[in-house]
2 protein chains.
Amino acid sequence: MTMNRKLVLPIDRGSPLPIYYQLKEALKQQIESGALKPHERVPSERELEEAYHISRMTARRALEELEAEGYIYRAQGKGSFVAEPKIRQGLLWLTSFTEDMRERGMRAGARVLRAEVVSDERVARKLGIGSGEEFVMLQRLRLADGEPMALETSYLRRRFCPGLEGHDFTDRSLYSTLQEEYGLRLGRAEQAVEAKVADGFEAELLGVKPGAPMLSMERITYLDDGQTPIEYVRSIYRGDRYKLYVELKRR
Amino acid sequence: MTMNRKLVLPIDRGSPLPIYYQLKEALKQQIESGALKPHERVPSERELEEAYHISRMTARRALEELEAEGYIYRAQGKGSFVAEPKIRQGLLWLTSFTEDMRERGMRAGARVLRAEVVSDERVARKLGIGSGEEFVMLQRLRLADGEPMALETSYLRRRFCPGLEGHDFTDRSLYSTLQEEYGLRLGRAEQAVEAKVADGFEAELLGVKPGAPMLSMERITYLDDGQTPIEYVRSIYRGDRYKLYVELKRR
DNA sequence: ACGTCCAAGTGGTGTATACCACTTGTCGGT
DNA sequence: ACCGACAAGTGGTATACACCACTTGGACGT
């Protein structure tokens, strides 16, 4: 194809956003919208260089990042091509239950079981903080499309979010409340995933039989400074409704 | 610190390996050996430039890749620093069982249960290829420190590795055999993780009770062109011995 | 003694250039 | 008709340079 419909992508040299980033996002949008189809050729480094009057290294950087994010694949001597739509990554990203369900095409909901101030030595130890500290403990039955999906128990350090226990989290995202009401921005988390079987309490709440397979997750969340622990969560998901999807790369 | 013990890393300009790669691997080795400790400063881009008479962009590329692999973290205006091991170990990579167990500090082993040529329509459909294609099916009981850990069933496209079924994979890594004997380099994989309970067959082999919790994984592996499927694997891990540790980042 | 400012050092972005390895199609000779 | 050589185009590596944003610590003034 030499017809080369030019794809007039909006690159703004005055923007505070880097050029390679603007170019990357523009191409990404072209791919996600379907304007560029899987296995279709994407402009080469030198074509981009000429089209936007940028240096090849800048064009290259945009393409490199698109490759790293799985949007395109590249082959020496051949060119760069649109990759097949990948499975959305459930692992790797720190998201709330609400965001997770939306990505899976389901509607998130909750039934608040407990919301109170507690002290808990075990939790304090997990977070590596003094055992005297108080937590806001929030236990919710999480629903997806109205059906039970998971039992989620969060412990938040009260000194960072006093009064949190007074909010109603039936229809409200915990993470957006932390951000908007308390100015707390989350940065990263350490999560452990393991298989369990449902005990009587969990089975009753989640509508499965005792002994049914469950995915159990334990998470420690840190603020965006990367080192201040803010939350400990233990979640148990129905094994028949919940899978994790991961894209793995070779090191 | 200006004392600057020089860390004479071996960089060979005549080598077919790229300079940035040699530098990256050398620094990686320094970190893994403990010569560079967590949160310790690693040489800056300009220091590396001068020390090895390479350009800054080359030094930069080595550091960028180390950051992407979780070995270091970088901060504008401050420098580059060694990351804590748990960060690195929490990043998921496409690895073999052998490599995974080594990271966990255990010794990997295997008992080969089946190694034969088969056709399987369901597997072909998973890989998105023609249903007539033959596979080399390899089923192994995987051991960690001599104890059963997982049951692993791999299907490899026979046209890419004819005769693979003749090898003995008791002590041999499947992935290194693919690389060394057939020149097949793996690039990426899509993996699904879910909770299951052990059936009678699995329980017997793995030494757990029927109904015990298990982590089940399904993986499709692609060659390093990013689009040619080469392998379908189904693994089932003992829930009492195997957990996933993941480092989550905020998007 | 205290604060302000600034220079030096760091990583981040961008340009311009060169050569290499690999793929593909074409032109030309046999 | 075949095949080899070659040119053109692609991504991969490397150099050298310039300027920016940000952090830190020390010099300087008050």
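Every chain is numbered from 1, with letters handed out A, B, ... down the list of sequences. Heavy atoms only: backbone and side chains are in, while hydrogens, waters and symmetry mates are out.
With hydrogens and angles ignored, a donor-acceptor pair under 3.5 angstrom links the side chain of A:Arg46 to the base of D:dG11. Taking 3.5 Å as the limit, the base of C:dG12 and the side chain of B:Arg56 contain a donor-acceptor pair of atoms between them.
Look at OH on B:Tyr21: it is 20 Å from C1' on C:dC20, rounded to the nearest Å. Taking atom CE on B:Met57 and atom P on C:dG14, their separation rounds to 11 Å, with Å as the unit. Taking atom CD of residue B:Glu65 and atom P of nucleotide D:dG12, one finds them 12 Å apart after rounding to whole Å. The separation between A:Glu64 atom CD and D:dG11 atom C1' is 10 Å, rounded to whole Å. Atom CG in B:Asp224 sits roughly 14 Å away from atom C1' in D:dG12 (whole-Å rounding). Remark: P of D:dT15 and CD1 of B:Ile11 are 11 Å apart, rounded to the nearest angstrom. In this entry the distance linking CD1 of A:Ile72 with P of D:dT10 reads 14 Å, nearest Å. Between A:Glu49 atom CD and C:dA16 atom C1' there is a gap of 9 Å when expressed in whole angstrom units.
Among the atoms of the strands shown, only primed sugar atoms or phosphate atoms (P, OP1, OP2) are found under 4.0 Å from some heavy atom of B:Ile54. Note on A:Arg60: a base of the nucleic acid sits closer than 4.0 angstrom, heavy atoms only.
You'll find that the side chain of B:Pro18 is closest to D:dT13, out of D:dT13, C:dG11, D:dG12. For A:Ile19, whose side chain is taken as the heavy atoms from C-beta onward, the closest listed nucleotide among C:dG14, D:dG12, C:dT10 is C:dG14.
In terms of phosphate contacts, B:Thr58 brings no side-chain nitrogen or oxygen within less than 4.0 Å of OP1 or OP2 of D:dA14. A sub-4.0 Å separation between OP1 or OP2 of C:dT17 and a side-chain N or O of A:Ser55 is absent. When the side-chain nitrogen and oxygen atoms of A:Ser80 are compared with OP1 and OP2 of D:dG11, one or more of them lie within a distance under 4.0 Å. Note on A:Tyr20: a side-chain N or O is less than 4.0 Å away from OP1 or OP2 of C:dT13.
Of the possible polar contacts, one joining the B:Arg250 side chain to the A:Leu94 backbone as a donor-acceptor pair under 3.5 Å is found. Listed for the A:Glu99 side chain is a donor-acceptor partner under 3.5 Å among the backbone atoms of A:Ser96.
Nearest-nucleotide assignment on DNA chain C puts the 5′-proximal partner with A:Arg13, out of A:Arg13 and A:Gln76.
Taking the ring centre of A:Tyr245 as origin, the terminal cationic atom of A:Arg104 falls outside the region bounded by 6.0 Å and 45° from the ring axis.
Using a 4.5 Å heavy-atom cutoff, the side chains of B:Phe135 and B:Leu127 are in contact.
B:Glu32 and B:Tyr71 share a donor-acceptor pair across their side chains, judged by distance under 3.5 Å alone.
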